[in-house]
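Reviewing the structure listed below.
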There are 2 protein chains.
Amino acid sequence: MVLDDIDKKILRLLQENAHYTLKDIANKINLSLTPVHDRVKRLEKEGVIEKYVSILNKKKLGNNLTVYCQVTLTKQTYDTSEGFNQAILEMPEVVECNYVSGNFDYMLKIIIPDMESYHHFHQKKLSTLPEVSLINTVFVISEVKSTTVLPI
Amino acid sequence: MVLDDIDKKILRLLQENAHYTLKDIANKINLSLTPVHDRVKRLEKEGVIEKYVSILNKKKLGNNLTVYCQVTLTKQTYDTSEGFNQAILEMPEVVECNYVSGNFDYMLKIIIPDMESYHHFHQKKLSTLPEVSLINTVFVISEVKSTTVLPI
DNA sequence: CTTCAAACAGAAAATATTTCTGTAAAAGTA
DNA sequence: TACTTTTACAGAAATATTTTCTGTTTGAAG
């Protein structure tokens, strides 16, 4: 699973735009269709390319508020963590959830219509989880950067 | 720019998999190709669909460390903010950067190979920015959830 | 040398997207 | 009411893309 320079070029292009055709890519990297096709299929099979997704505009969907929630659990046990994790996976407004080091246990990123929805989410969905002890909210005032492009 | 139920179904499908064909979508929502095609093009044109991207596996690219940086600037002026923003946009390891409320000014998400790279990034790239006064690092121990799917 | 595998090119076959033509229902107008 | 316009959709033809197949070249292994 070693990536050579051609693989990396292909990945950089596909990260930018999943709708580039094989021909587009072939032209951009000066190859014929065959090797581009073979490499893309190999990268998919190996799991380097996980999936192709559409990025939607959150504001146009009515999601005008982004917040980070710093969550502390009641206990640090495996069962508590697992219970929390499962609950989070069911919540569509939680787009990111990481178990972290520091003064709290989890860092969550929430995308939601407005402050009222957030109030509801906070009071009725998150703080009511039996595993949750403390929530500290950090409000996003302005988005500077948000990309799915990973450094290659 | 009102989204009806059919638009929403299409968006939900495309968020999941940008490689669903028009036929796939048409079958799943019981329509012919034409309206599906027309609606997708309209959603693209209106900017509801921003772009199509490939999601790569960060570990398979050698990026084994994720961290959040909570950054405080030296001043709160416009020029300071703008200078910082511009610098951040140039840094490929910063995949997320938001100006936030609270005890610090910015929340950054960094994806990077390992602790050594992070040390270098922290010491040589981030803390050396003239706008940066303070950096508090939160290390991700384990990723629970990470999705590009927005609630519709 | 000879064989084998990897990387590529070109072309044919199978699919998908795009464009075109047309119908039906709903909304607006005289 | 009668007429026009618009919207949403269906089906089919044209175009483009992906997938598969055949074959060449190159370099490494026996």
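Residue numbering restarts at 1 for every chain, and letters A, B, ... go by the order of the sequence lines.
- We find that Glu131(A) and Lys75(A) are not joined by a salt bridge, their nearest charged nitrogen and carboxylate oxygen being 4.0 Å or further apart.
- Taking every heavy atom of residues 7-22 of chain A and every atom of DNA chain C, no pair lies under 4.0 Å.
- Under the 4.5 Å side-chain heavy-atom criterion for Ile, Leu, Val, Met, Phe, Trp and Tyr, Met107(B) and Phe104(A) are members of the same hydrophobic cluster.
- Remark: of the listed residues His37(B), Lys45(B), Arg39(B), His37(B) is the sole one forming a side-chain contact (heavy atoms from CB on, under 4.5 Å) with Lys41(B).
- Linking ILVMFWY residues whenever their side-chain heavy atoms come closer than 4.5 Å, directly or via other members, leaves Ile110(A) and Val149(B) in distinct clusters.
- Side-chain rings of Phe139(A) and Tyr68(A) stay apart, their centers remaining 6.0 Å or farther from each other.
- Atom-to-atom, NZ of Lys23(A) to C1' of dT18(D) comes out at 12 Å; the value is rounded to the nearest Å.
- Separating the CD atom in Glu16(B) from the NZ atom in Lys51(A) is a distance of 9.5 Å, to the nearest 0.5 Å.
- Distance alone, capped at 3.5 Å, is enough to place a donor-acceptor pair between the Gln15(B) side chain and the Leu150(B) backbone.
- At the heavy-atom level, Ile25(B) lies nowhere under 4.0 Å from the strands shown.
- DNA chain C is contacted by Leu33(B), His37(B), Lys41(B) of residues 29-47 of chain B, taking any non-hydrogen atom closer than 4.0 Å.
- In this structure, Asn27(A) places its CG atom 13 Å from C1' of dT17(D), rounding to the nearest Å.
- Follow the hydrophobic side-chain contacts under 4.5 Å out from Val100(B) and you never reach Tyr106(B); the two are in separate clusters.
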